[in-house]
Amino acid sequence: MMQVAGKTGAVLRIDLRAIRDNYRLLQGLLGAGQCGAAVKADAYGLGVVPVAQALLRESCRHFFVAHLEEAIFLRPHLPTEAQIYVMHGSPVGYEAEFLENNCIPVLNSIDQIIFWQQLAAKIQRRLPAIVQFDTGMARMGLSASEADQLFGKPELLDGIEVQYLMSHLASAEDQSNPMNQQQLLAFNALRSRMPGCKASLANSSGIFLGKDFHFDLARPGAALYGVAPVTGQANPLKPVAHLQGRIIQTREIPAGTGVGYGSTWRSTQTSRIATVAVGYADGWMRSLSNRGIAHIAGHAVPMVGNVSMDTITLDVSALAATHLQPGALVDLISADNTVDQVAARAGTIGYEILTSLGGRYERN
Ligand SMILES: Cc1ncc(COP(=O)(O)O)c(C=O)c1O
C-alpha cells in the first residue's frame, strides 16, 4: 500500500554547531580583526534568528542585513550592544523606525550622506554610519568622483560618526585575479584620505586573501554557512545545510517510457523510478533536470526527467526495494553532495542554492 509518510516533502537540517565552528575558524584567521556576519536574506535562507543567536554565543557583535525590514525583524533577538548594519542605507521616510531599532546605515552615495547628516542635525545627535566606496564593482558605494567630493568637503560628515570605511571585493574567491590587488590599492588610497578611521573590506573569500585584506572588521556570509571560499581549493569550512527529500512513490517502467514533463528522459531498459517530494517550488532548481544526483543509503542515483514544481524523479533501478519505501528519506544536500556540488550541477553558485531553499521543508 502506498502511503505518504511525512507532513512535509523534505527535512532540512541546519547544523548551528557547524556555523559556530566556521565562525571560530574565520575569527582565528582574522587575528585582531573582528569577525562580523552577513545575515541578510534570512541568513542565506538558513533562519536568521537561530543563526544570529548561535553567532552571538561565539561573541559575534556585528550583523549585516540588506534591508531595514530585515533589521527590524532581527533587532528584538539581539542584545543592544550588538550592531545591525543595513547595507542599503536608511530608506527615506523610515528614519524613526531606523533609529528606534538602533540600526546603522551603510551610506552608499553623497545623497545618502547628506540625508543622514540632516537627520543628525535635526535630532541634534551624532549618528553612526559606515561609508562605502566602490573600488571596482560599479554596484554600491561612492564612486571615485563622489569620493573626491566627500574628501574635498569633509563638513559633509559633520554630525556623522563614521565607524568604518567599507568596500566590497568583486572576485575574491579567485585568488589569482588581479582585481583583488587593484581593489586593495584603491581602498588603501581612500583610507589614507581619512586617516584613523576603521575599515572593513573582506567578505568570506576576502578573509582567505591574507592579512592585507583583513582590516578591522570582516563581513563573511557564505563561509559561515559552509560554502567553499576559494575556487579550486579544498573547503576548510564545515557543511551546514543537510537536505533530505521524501520518497512518495516508486514504479517499474518498461524500456522506452518517458519520465516527467516533456519526456526529456526515456528508459532504455526496464527501470525503477522513485518520485521524491521536492521540486522547483522548494528551490530545487529546474536546471537540475537530468543533471542532479541524490544519495540513497550511500549510493548515488541520477535525477531523470524534468524537475516538477513539487517533485523530482530518480532512476533507482540499481537499488533494493528495502531502501525505497514511501516515506524513506534520500539525501539531496549532504557530505557526499555538498551545496557547492549541487550548485555546479545546477549551473549556479552555492549562495543561490542556499537562499532558494524552500519554505515548505520541516526545518530542524
Ligand atoms: C557588501 C557585502 N558584504 C559582505 C557580503 C558577504 O559575502 P560572502 O557571502 O561572500 O561572504 C556580501 C554578500 O553579498 C555583501 O554584499
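Indexing begins at 1, ligand by ligand and atom by atom, following the structure's order.
The two residues G305 and N290 have their closest heavy-atom pair at N-OD1, 2.7 Å. Heavy-atom minimum distance, V342 versus L288: O-CD2, 3.8 Å.
Under a 3.5 Å cut-off, the side chain of S263 and the backbone N or O of V259 do not form any donor-acceptor pair.
The residues lining ligand 1, counting any heavy atom closer than 4.0 Å, are A38, K40, Y44, M87, R139, M166, H168, N203, S204, R219, P220, G221, A222, Y351.
Checked against the 6.0 Å centroid threshold, Y44 and F64 do not count as a close aromatic pair.
In this model, no donor atom of one side chain and acceptor atom of the other lie less than 3.5 Å apart for R246 and Q244.
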Would you sort out whether H62 and R219 count as a side-chain hydrogen bond (donor to acceptor under 3.5 Å, both in side chains), showing the intermediate values? CA-CA 8 Å; H62 301 272; R219 315 178 302 273; over 6 Å; no
